[in-house]
> 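Can you keep this structure in mind? I'll have questions shortly.
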Amino acid sequence: TKVAGLADVVQVACTPSGYYHGRGRAFGYTVAALTSSGKLYTWGMNVCGQTLHARDTSSRNPADYFVSSPREVAFGDNERTLKVAVGLEFIAVQRTWSIPLPPRDGAAVAANMRSGGTGKSSRISWAGRFTDDWQPSELRALENLNGLKLASLTAGAFHCCALRDDGSLYVFGSEYGADESNGNLLGLGARNEEERSFPHRATRVEGLPPVTSVAASTYSTVAIATD
């Protein structure tokens with residue numbers, strides 16, 4: 001079935017398939033589509049704000065949080081969305097980011113004026129929540145990934161993977177979701193209680209050769225690396 005209202009789509013992301021211990025029946029799933037012009041459209045369940053559309057948080061009926069058709073996300077700026085990933089109750093996006101460029105010489109001053117005094121970088125942000133016992137969050141940036149060139153942005157149910165174009169792999173989110181028995185999801189090894197969840201920063205997975213591709217599911221992450 002053709003999805004009405006969408007054209008020039010270059011990437012589609014959706015909640016990964018898998019078993020969520022009943023959560024899917026309660027909350028449903030979310031879809032995102034990215035166009036060649038950098039516009040982002042989302043639809044599906046929005047109970048944690050993962051579509052980036054406004055929601056009525058006073059309602060207790062999950063049906064009231066459902067976005068029934070693709071709707072463009074209004075970020076309120078002139079930036080472009082570059083990549084998108086969707087988990088069970090969160091969304092992650094990489095977008096262009098305008099930053100001030102301090103003039104250094106005559107040519108730089110002229111270039112700075114032509115660009116309106118800004119230069120382009122990128123930043124990765126997320127919204128929603130990575131596990132049941134967190135409060136849903138509005139869109140917030142992962143500052144230690146600012147300016148990195150990404151090959152891909154991939155979501156599991158409770159965590160997300162950012163693969164740089166140099167083959168290094170970064171992960172963020174929750175290692176366990178709410179399901180402690182499923183063990184480590186992110187390849188970081190045993191860590192203490194304070195280190196286990198890290199919603200506001202990304203951690204590089206050490207000890208891997210350059211990664212060429214990564215995939216994630218409910219409770220797993222798989223990476224293909226060069227020898």
> Side chains of Ser122 and Asn146: does their closest heavy-atom pair fall under 4.5 Å?
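SC-SC contact between Ser122 and Asn146 ruled out.
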> Are the side chains of Arg140 and Glu138 in touch, meaning some heavy atoms are under 4.5 Å apart?
no
> Using every non-hydrogen atom in the two residues, find where Gln11 and Lys83 come nearest and quote the distance to one decimal.
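Taking Gln11 first and Lys83 second, the nearest heavy atoms are OE1-CA, 3.6 Å.
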> Looking only at heavy atoms, what is the nearest atom pair of Trp43 and Ala33, with distance?
CZ3-CB, 4.0 Å
> Which heavy atom in Asp64 sits nearest to a heavy atom in Ser59, and how many Å separate them?
OD2-OG, 2.5 Å
> Can you find a pair of side-chain heavy atoms, one from Leu169 and one from Cys161, that are under 4.5 Å apart?
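Counting from C-beta outward, Leu169 and Cys161 do come under 4.5 Å.
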> What's the separation between atom CG in Leu139 and atom CD1 in Ile91, rounded to the nearest 0.5 Å?
8.5 Å
> Determine whether Thr42 and His53 make a side-chain contact, defined as any pair of heavy atoms from C-beta on separated by less than 4.5 Å.
yes
> Would you please classify the geometry between the Phe130 ring and the Phe172 ring as parallel, tilted or perpendicular, with 30° and 60° separating the classes?
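Ring orientation, 0 to 90° scale: perpendicular.
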> According to salt bridge (charged side-chain N to carboxylate O under 4.0 Å, His left out), who are the partners of Glu79, at least two apart in sequence or on a separate chain?
Lys120
> Nearest 0.5 Å please: distance from the OG1 atom of Thr203 over to the CG atom of Asn144.
7.5 Å
> Kindly give the heavy-atom pair with the smallest separation between Cys160 and Ala85, and that separation in Å.
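Shortest heavy-atom separation between Cys160 and Ala85 comes out as SG-CB, 4.0 Å.
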> How close do Gly44 and Thr51 get, counting heavy atoms only, and between which atoms?
O-CG2, 4.0 Å
> Mind running side chain to side chain contact (heavy atoms under 4.5 Å, CB included) on Tyr29 and Leu88 for me, showing each step along the way?
CA-CA 7 Å; Tyr29 307 108; Leu88 180 61; 4.2 Å; yes
> Taking salt bridge (charged side-chain N to carboxylate O under 4.0 Å, His left out) as the definition, give me every residue that meets it alongside Asp56, ordered by chain and number, with sequence neighbours left out.
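Salt bridge (charged side-chain N to carboxylate O under 4.0 Å, His left out) list for Asp56, sorted by chain: empty.
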> Are Ser137 and Trp126 packed together at the side-chain level, in the sense that at least one heavy-atom pair is separated by less than 4.5 angstrom?
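Heavy-atom side-chain distance check passes, below 4.5 Å.
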> Following the transitive rule for hydrophobic clusters with a side-chain heavy-atom cut-off under 4.5 Å over Ile, Leu, Val, Met, Phe, Trp and Tyr, establish whether Tyr41 and Val73 coincide in one cluster.
no
> Same hydrophobic cluster for Val93 and Leu145, using side-chain heavy-atom links shorter than 4.5 Å among ILVMFWY?
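No; tracing contacts between hydrophobic side chains, which count when under 4.5 Å, never links both residues.
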> Locate the shortest heavy-atom distance separating Asn46 from Gln50; write the atom from each residue and the value.
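For Asn46 versus Gln50, the nearest heavy atoms are OD1-N, 3.2 Å.
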> Could you see if Val67 belongs to whatever hydrophobic cluster contains Val9? Use Ile, Leu, Val, Met, Phe, Trp, Tyr and a side-chain cutoff under 4.5 Å.
yes
> Measure the spacing between CG of Leu6 and CG of Leu34 and express it to the nearest 0.5 Å.
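Between Leu6 CG and Leu34 CG, I get 11.0 Å after rounding to 0.5 Å.
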> Going by heavy atoms in the side chains, are Thr221 and His159 under 4.5 Å from each other?
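Contact flag for Thr221/His159 side chains = yes.
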> Please tell me whether Ile124 and Leu148 are part of a single hydrophobic cluster in this structure, the criterion being side-chain heavy atoms less than 4.5 Å apart.
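Linked within one cluster.
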> I'd like to check Pro136 versus Arg55 (side-chain heavy atoms, cut-off strictly below 4.5 Å). Are they in contact?
yes
> Taking Asp77 first and then Arg95, would you say they form a salt bridge - that is, a charged N and a carboxylate O separated by under 4.0 Å?
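Looking at Asp77 and Arg95, the cut-off is met.
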> Going by atom types alone, do Ser36 and Asp8 pair a side-chain donor with an acceptor below 3.5 Å?
no
> From Asn78 CG over to Thr96 OG1, what is the distance, rounded to the nearest 0.5 angstrom?
9.0 Å
> Are Leu40 and Val86 connected, step by step, through hydrophobic side chains (Ile, Leu, Val, Met, Phe, Trp, Tyr) whose heavy atoms are closer than 4.5 Å?
yes
> With rounding to the nearest 0.5 Å, note down the distance linking CG in Leu150 to CG in Leu82.
8.5 Å
> Which distance, rounded to the nearest 0.5 Å, do you find between the NZ of Lys39 and the CZ of Phe75?
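Taking NZ in Lys39 and CZ in Phe75, the distance rounds to 12.5 Å.
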> Is any side-chain heavy atom of Met45 closer than 4.5 Å to a side-chain heavy atom of Glu89?
no
> Can you check whether Ile224's main-chain N or O pairs, donor with acceptor, with Thr212's side chain at less than 3.5 Å?
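Checking the backbone N and O of Ile224 against the side chain of Thr212, a donor-acceptor pair under 3.5 Å is found.
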